[in-house]
Amino acid sequence: MIPYVGCEYAREHLDGFVDGELSVDEQVAVESHLRWCRTCAARVEDLQLIGDSIRLGSMAPRADGEEAQTVSHLQSSVLIRVRAEEELSFGTRFREMFTDMRLLWPALGATSAVTVGLALALSVLHSTTLERPESLAMMLESLSDPGGDRNPLMPGNNARVDRYTGNYVDSDKAGGISVPRALDDGAGFETMPEEDASFAVAAVVSREGRISNYELLKHERSGRESRGLHANDVEMLDAALRQSRFSPAQTPVGRVVAVNMVWLIERITVQTPDPHALRVAPTVVAPVRQVPPAESLEEAPLKRSDRLQTLTTA
Amino acid sequence: MGTLISGGLVKNAGAVAWSEVDTQEAALIARCNTGDETACADLVSIHQRMVYSLALHLLGDRDEALDLSQEVFLRVFRTLSSFRGQSALRTWIYRIVINQARNRQRWWRRRHRSSQVSLDDHLQQFGDVESKTDVLPDRQLASKETSARIWQALERLPFDQRTALILREIDGLRYDEIAFSLGVAVGTVKSRLTRARQSLRAELLGLRT
């Protein structure tokens with residue numbers, strides 16, 4: 001029995017009917033509908049006419065035409081291009097590089113020379129950048145290392161001396177940096193002339209405890225300020241500063257840092273029993289904290305003696 | 001002919017599931033994968049007319065179609081190792097043609113718009129129908145002008161609709177083959193064919209009035 005289908009069903013299947021894509025049942029049902037429905041039959045004719053028109057206007061090349069020769073050349077041109085791609089491929093060129101081994105060693109030598117040259121050039125550029133103090137790289141490096149020799153800190157004013165051990169301690173553990181202390185108590189200045197003198201020196205005490213940079217702020221001899229230093233005095237002072245050793249400044253957490261310092265060196269002659277012969281060391285830069293000498297002044301022997309007094313201030 | 005492709009462009013496909021590929025075609029593919037230049041020439045020879053024809057219908061320009069055909073075969077030889085017989089080789093090549101043509105579509109539309117021919121020129125070029133169809137004489141007379149109008153309307157259709165209709169009406173592909181070539185579902189193919197035919201039928205009705 002052939003099922004009855006309406007126009008709505010038939011129209012949904014007209015494309016499949018024309019294309020032969022319907023199942024047998026659907027094909028039979030649509031065919032039966034087309035026998036009595038002229039509207040749907042006209043639609044099918046239109047669809048078939050559209051297909052015929054498309055095939056009629058097809059631009060497909062004819063087998064005997066000029067275009068057929070063009071298409072036949074497609075095969076040779078494709079094979080030529082495939083062969084060319086193969087010849088130009090990376091693998092092929094890489095293999096060809098090693099076909100002539102005579103070129104291998106010069107090529108390797110040239111490559112090595114270029115590599116070494118580049119490495120040398122880069123190392124020179126790198127070291128030159130670090131050595132130039134005015135360069136931005138050096139400035140950034142100094143700023144990134146507070147307490148380094150190029151970026152010294154200021155010691156705290158709250159450093160004090162332990163009464164029993166004689167060592168510097170920080171009164172405020174959360175704050176200040178200790179003041180560097182002369183280890184030899186100015187032994188290098190013992191060669192000074194047998195007369196009273198005082199020197200104020202601004203210096204940087206490095207992390208190693210050496211004077212890395214200094215400037216003579218003030219000098220005085222025998223109570224009168226001289227206008228110029230004698231050459232011997234300059235050599236003596238320079239040698240004494242070079243020989244001086246300090247215990248480096250430390251932060252409260254124990255890190256060794258470089259600091260700026262003003263160092264007051266004074267040689268005075270004390271005559272007993274007149275205690276008024278003692279001179280009080282002038283303060284150059286306030287505030288000044290007196291560093292206790294190795295021997296207390298009150299314990300001075302009752303005879304003429306030379307006493308070297310050092311004061312430091314930040 | 002010697003070995004054309006030595007493992008560079010066409011790699012060994014290994015074991016493949018040749019569900020849709022007959023024995024002869026599978027052997028041809030295997031020879032191509034080993035770099036047999038004769039096999040590669042045979043593969044081009046078998047499919048070159050089909051590829052060129054589809055490229056010509058999609059692009060509408062003979063030089064462009066020829067150039068696209070070369071690109072398609074280069075692509076075929078580069079990717080033949082990935083072919084697993086999930087479809088007939090012809091359908092797989094159709095898919096490459098369509099993808100390559102789609103990439104050129106925008107550029108083609110610009111160029112083709114400026115080189116559109118008039119209806120008389122089209123009739124002059126494609127007016128000789130005796131050798132193409134076996135339709136009745138009355139219908140032939142009606143189809144000359146109708147064919148030109150239908151083709152003009154066809155070129156205005158969206159690329160996917162036009163491609164589906166060309167694959168169906170000219171190349172005679174089944175719905176599932178069209179779906180594989182376009183990379184869509186069979187239902188999508190049906191809807192695209194229906195819309196395309198509706199548009200062309202509207203053009204046909206306008207021609208009658």
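So you know, we letter chains A, B, ... as the sequences are listed, proteins then strands, and number each from 1.
A/D15 has no carboxylate O lying under 4.0 Å from a charged side-chain N of B/R168, or vice versa, which leaves the two without a salt bridge. Between A/R81 and B/E71, at least one side-chain N (NZ, or NE/NH1/NH2) sits under 4.0 Å from a carboxylate O, which counts as a salt bridge.
Around CZ of B/R75, the count of heavy atoms belonging to other residues, nucleotides or ligands within 6.0 Å does not exceed 12. Other residues, nucleotides and ligands contribute at most 12 non-hydrogen atoms within 6.0 Å of the CZ atom of A/R242. Remark: A/W105 CH2 is loosely packed, at most 12 non-hydrogen atoms of other residues, nucleotides or ligands lying under 6.0 Å away. Atom CZ of A/R210 is surrounded by 12 or fewer heavy atoms from other residues, nucleotides or ligands within 6.0 Å. Heavy-atom contacts from other residues, nucleotides or ligands closer than 6.0 Å to CZ of A/R207 number more than 12.
When heavy atoms are compared at a cutoff of 4.5 Å, B/L165 approaches chain A solely by way of its side chain, counted from C-beta outward. With a 4.5 Å cut-off on non-hydrogen atoms, A/E21 touches chain B through its side chain but not through its backbone.
Of all the listed residues (B/L74, B/L200, B/I150), the one sharing the greatest number of non-hydrogen pairs under 4.5 Å with chain A is B/L74.
The structure places CD1 of A/I50 at 10.0 Å from CD of B/Q198, a figure rounded to the nearest 0.5 Å. A distance of 10.5 Å separates CG in A/D52 from OG1 in B/T146, rounded to the nearest 0.5 Å. Once rounded to the nearest 0.5 Å, the distance linking CZ of B/R174 with CG of A/D19 reads 13.0 Å.
Heavy atoms only, all atoms of each residue included: B/S147 and A/G57 are closest at OG-N, 3.1 Å. Taking all atoms of both residues into account, the shortest heavy-atom contact from B/W151 to A/I54 is NE1-O, 3.0 Å. Closest heavy-atom contact between B/S45 and A/Q75: CB-NE2, 3.4 Å. Across all their heavy atoms, A/S58 and B/H57 have their closest contact at OG-NE2, 2.9 Å.
B/R201 places no side-chain N or O within 3.5 Å of a backbone atom of A/L47 that could act as its donor or acceptor partner.
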